[in-house]
Structures are given as structure tokens and as C-alpha cells.
Amino acid sequence: MDSLFLHPDRNLGMELVRATEAAAIRAVPYIGRGDKNRADGAAVDAMRKFLGTVSFDGVVVIGEGEKDNAPMLYNGEHVGTGSGPSCDIAVDPIDGTSLTAAGRQNALSMIAVADRGSMYDPSAVFYMDKIVAGHEAHGVVDLARPIGENIRALAKAKNKDVADMVVAVLDRPRHAQLVADIRAAGAGTRMLLDGDVAGGINAAMYGTRIDMCVGTGGTPEGIITACALKALGGFIQGRLQPKDDDEAQRAIAAGHDLDRILTIDNLVTSDNTYFVATGVTDGQLVDGVRKRGPVIHTESIVLRGRSGTIRRVGADHLAEKWV
């Protein structure tokens, strides 16, 4: 029998979810109020306070920015009690601050954790081309191939008609040709205002409407997605996409190969990963925070790479405790 089942261990994700719940709840007063900075500030403060109670030694490798620009959850900050496992941690107190400020769907509070030193350093190039899909894509899909070929290959692997395939893409001007190519191949698109992490997870999860998530998005989000996909057996490839020649030269000087296609194991080398997300507003991955009389209801998802476990966590919080 697998030693995992002979020696069950602590699920850190079930402790981290308290931090994403807190961040989501504190962001609620700012939903639809047009001030994304206040929403983000409230979420950051709440997340950091709850992270301080968790027994681990976390170093923020993907956070709110460098220390000079962000007073809390900055890159390089240590979080947790300092005891327990040593971890890399990626935080996004609100993935979708503009969505929150506008009162739109799909805003999340999320955390990803992996063993210390196992997350890819995202600092060289902020953007990357990405392609994300479920387990059927392994050995079938390749970022180097045209999108039409990948759609047809994945459709065959999933035993689906191309006309039934749905591809998620961030709704950005830079993706105009990509969207045209997807539709020319015969597939449909799901245009995302923000949140390609949720789009990627939905592409990899069984039973969702999205088959693939593609396009140019944040390198940090690619790493966070990879942590989640470790629990899903999912597929991700990425390739750094410098925004200009200066960024390209800095990346090359730092030793990065801009032609290299990064796999899930390049983006996070450890299989001991956790991904936790709580809905701020309603979305396809989880529902948003809801006030029900004296109770605040939250919905979260907890993914654990080592065990391949997906947990959905519904929680009711007494509202008077959050005044």
C-alpha cells in the first residue's frame, strides 16, 4: 500500500483556507464601490493576520510587490509562526481587484504553497504565453504548435467534436488573432475579463465546460496555476514573453532561455503543493461571499498535489464576529 495512506499527514491547505476566507470577507464591503485599492488593502491586511497563525515557515515569492512598494505580503517577507515546514508561498488576496470594484463575477482570494525553493522565479519576465488543459493533453498538446492543431488533437483525445470544444482566453486586444484562429478551427471561446488562474483550473478539472485555457498572461499566475494542477493531473506549458527588448535582454542576462517551453515541473518542481481559493464574487470555480441573516457564508476550494485531493469547503461565519 502507498505510504501516503499508511502515514496520513497534516493538510496545510485546510489551515490556509482560513486566510483566504478572511480576505474574501473583508473585501465584501468594497464590491461594486469602484475603489479597487481599498478592496485590496482590506484583503491584504486580513490575509496576513491569519497567515501569522499558521504553523509553517513561509517566504513570499509571489506577493504584493517589492518591500518598497507594498507594506505587507511583499516579495521576500516571512509569514507564519516560523515553525513547521519551510515553504514558498504565492499570495493574491484578490485576484480580480477590478472585478471586485466593478461588482463583476470571478474575483477570488487565493494562496499557493510548495516546498521551499521549488517555485520558478517569476521576476525576470512578467508575462508568458500559456496553454492549460486537463490530463488528456499530456503528450498530445504542445505550445509550439498552432492553436488549431492543438484544439483538434485535444478534441480527439477527449473524444469530442471540435465544434463542442470551448477555449478560455483573456479578453485583451493582444489576443485578437488568437481568438480568430480558435474560431476558425471550429471551436468556441469563453472570454475572461480577468482571472486566468480560475480559467486554467476549470480547463483542467473534470466535468467543466472549458476544455483549454490559452493566451498571454502573468508569469506569477502561471506558477500559481501549476501548483493547483499538481492535484488535478493537469497540463500546462508556458514560454516567457518579454514586453520589450530591454526586458528580453535582462532575462537573457539572468540566464533565461526565451525560446524554452516550460512544463509544469519547471514551474513548480515539487509535488507537495497546495492551492486554496475562496470566492469574493460568484464565479465558475466557487461562489462568492454571501450574507444570510446573522451568518456570512463562504465557499472555497482546497487542492493538494501530493494526495491529488480536491476539497470544496463551505463555511458559515457568525457575522457579529466580523464587525
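All heavy atoms count here, side chains included; hydrogens, waters and symmetry mates do not.
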Practice task
Could you state whether Val268 and Tyr274 fall into the same hydrophobic cluster, counting links through intermediate Ile, Leu, Val, Met, Phe, Trp or Tyr residues with side-chain heavy atoms under 4.5 angstrom apart?
Solution key: no
Handout entry: Pairing residues for Gln177 by the side chain to side chain contact (heavy atoms under 4.5 Å, CB included) criterion, not counting sequence neighbours
Key = Ala180, Asp181
Handout entry: From CD (Glu136) to NZ (Lys156), nearest 0.5 Å
Key = 15.0 Å
Handout entry: Residue pair Ile111 / Ala19: nearest heavy atoms and the distance that separates them
Key = CD1-CB, 3.9 Å
Exercise for the section: In plain terms, say whether Arg239 and Asp259 are close enough for a salt bridge, that is, a side-chain N and a carboxylate O under 4.0 Å apart. Expected result: no
Practice task
Start with the C-alpha distance between Val113 and Thr273, add both sets of side-chain angles, then the distance that settles side-chain contact (heavy atoms from CB on, under 4.5 Å), and finish with yes or no.
Solution key: CA-CA 6 Å; Val113 171; Thr273 63; over 6 Å; no
Problem - Arg174 to Tyr127 six-membered ring, cation-pi geometry met (6.0 Å, 45°) - result: yes
Practice task
Determine, step by step, whether Thr208 and Asn202 satisfy the side chain to side chain donor-acceptor pair (under 3.5 Å) criterion, reporting the C-alpha distance in whole Å, the side-chain angles of both residues, the deciding distance to 0.1 Å, and the verdict.
Solution key: CA-CA 6 Å; Thr208 70; Asn202 273 312; 4.8 Å; no
Problem - Side-chain donor/acceptor of Thr219 to backbone N/O of Val125, under 3.5 Å - result: yes
Handout entry: Asn159 CG: over 12 foreign heavy atoms closer than 6.0 Å
Key = no
Problem - Any side-chain donor near an acceptor of the partner, Ser270 and Arg116, under 3.5 Å - result: no
Problem - Flag, side chain of His175 to backbone of Gly215, donor-acceptor distance under 3.5 Å - result: no
Problem - Gap separating the CG atom of Leu16 from the CD1 atom of Ile89, nearest 0.5 angstrom - result: 6.0 Å
Handout entry: Heavy-atom side-chain proximity of Cys213 to Lys130 below 4.5 angstrom
Key = no
Practice task
Using salt bridge (charged side-chain N to carboxylate O under 4.0 Å, His left out) as the criterion, list what pairs up with Asp142, not counting sequence neighbours.
Solution key: none
Practice task
Over all heavy atoms of both residues, which pair between Ser55 and Pro85 is shortest? Give the atoms and the distance, please.
Solution key: O-CD, 3.8 Å
Exercise for the section: Begin with the C-alpha distance, continue with both residues' side-chain angles, and end with the deciding distance and a verdict on side-chain contact (heavy atoms from CB on, under 4.5 Å) for Thr216 and Lys243. Expected result: CA-CA 11 Å; Thr216 303; Lys243 65 178 183 293; over 6 Å; no
Exercise for the section: Mind checking the CD-CD1 spacing from Gln284 to Ile201? Nearest 0.5 Å is all I need. Expected result: 12.0 Å
Problem - Arg311 vs Met14 side-chain heavy atoms within contact, under 4.5 Å - result: yes
Exercise for the section: Quick one: list whatever passes salt bridge (charged side-chain N to carboxylate O under 4.0 Å, His left out) with Asp282, sequence neighbours left out. Expected result: Arg290
Problem - Heavy-atom pair with the smallest gap, counting every atom of Ala90 and Ile224 - result: CB-CG1, 3.7 Å
Problem - Evaluation steps, salt bridge (charged side-chain N to carboxylate O under 4.0 Å, His left out), between Arg250 and Asp245 - result: CA-CA 9 Å; Arg250 288 196 299 270; Asp245 288 341; over 6 Å; no
Problem - Donor-acceptor contact present, side-chain Asp211 to main-chain Val166, <3.5 Å - result: yes
Problem - His138 atom NE2, neighbour heavy-atom count above 12 within 6.0 Å - result: yes
Problem - salt_bridge(Asp45, Arg26) N-O dist < 4.0 Å - result: no
Practice task
Could you identify which residues cluster with Met212, counting Ile, Leu, Val, Met, Phe, Trp and Tyr as linked when any side-chain heavy atoms lie under 4.5 Å apart, either directly or through a chain of such contacts?
Solution key: Ile131, Val140, Val141, Leu143, Ile147, Ile151, Leu154, Val162, Met165, Val167, Val169, Leu178, Val179, Ile182, Met191, Val214, Phe235, Ile261
Donor-acceptor pairs under 3.5 Å, side chain of residues 316-323 to any protein atom, not counting sequence neighbours: which ones?
| unit_1 | atom_1 | unit_2 | atom_2 | d |
| --- | --- | --- | --- | --- |
| Asp316 | OD1 | His297 | ND1 | 2.7 |
| His317 | NE2 | Thr298 | OG1 | 2.9 |

Practice task
Any chance you could measure Ile62, atom CD1, to Leu73, atom CG, to the nearest 0.5 Å?
Solution key: 13.0 Å
Exercise for the section: Answer yes or no: is there a donor N or O on one side and an acceptor on the other, between the side chain of Asp88 and the main chain of Gly117, under 3.5 Å? Expected result: yes
Exercise for the section: Measure across Ala107 and Thr281 and return the closest heavy-atom pair with its distance rounded to 0.1 Å. Expected result: N-OG1, 3.0 Å
Practice task
Report the distance from atom CD1 of Ile252 to atom CD of Glu247, rounding to the nearest 0.5 Å.
Solution key: 11.0 Å
Fill in the blank from the handout: From the list Val17, Val313, Val276, Val286, side-chain contact (heavy atoms from CB on, under 4.5 Å) partner of Ile301 resolves to Val286
Completion exercise
Correct closest heavy-atom pair for Ala39 and Ile94 would be O-CD1, 3.4 Å
Problem - Closest heavy-atom pair and its distance - Ile31, Gly103 - result: CG2-CA, 3.9 Å
Practice task
Mark yes or no for whether Asp115, through its side chain, and Ser118, through its backbone, hold a donor-acceptor pair below 3.5 Å.
Solution key: no
Handout entry: Thr189 versus Arg183, side-chain donor and acceptor atoms under 3.5 Å
Key = yes
Practice task
Taking Glu77 for its side chain and Tyr74 for its backbone only, find out whether a donor-acceptor pair lies under 3.5 Å.
Solution key: yes
Handout entry: Any donor-acceptor N or O pair under 3.5 Å, side chains Asp40, Thr97
Key = no
Problem - Validation row: Leu262, Gln237 side chains within 4.5 angstrom (heavy atoms) - result: no
Completion exercise
Residues passing the side-chain hydrogen bond (donor to acceptor under 3.5 Å, both in side chains) test with Asp35, sequence neighbours excluded, are none
Problem - Thr20 versus Ser109, side-chain donor and acceptor atoms under 3.5 Å - result: no
Fill in the blank from the handout: Taken to the nearest 0.5 Å, the spacing of Thr100 OG1 from Tyr30 OH works out to 12.5 Å
Practice task
Could you tell me whether the side chain of Lys230 reaches within less than 4.5 Å of the side chain of Asp265, counting heavy atoms only?
Solution key: yes
Exercise for the section: Indicate yes or no: at least one non-hydrogen side-chain atom of Asn106 is less than 4.5 angstrom from one of Leu192. Expected result: no
Exercise for the section: State, with a plain yes or no, whether a side-chain heavy atom of Leu108 is found less than 4.5 Å away from one of Leu285. Expected result: yes
Practice task
Determine whether Phe275 and Met110 make a side-chain contact, defined as any pair of heavy atoms from C-beta on separated by less than 4.5 Å.
Solution key: yes
Problem - Shared hydrophobic cluster for Val54 and Leu303 (ILVMFWY, side-chain gaps under 4.5 Å) - result: no
Handout entry: Side-chain heavy-atom pair Val197, Asp95 within 4.5 angstrom cut-off
Key = yes
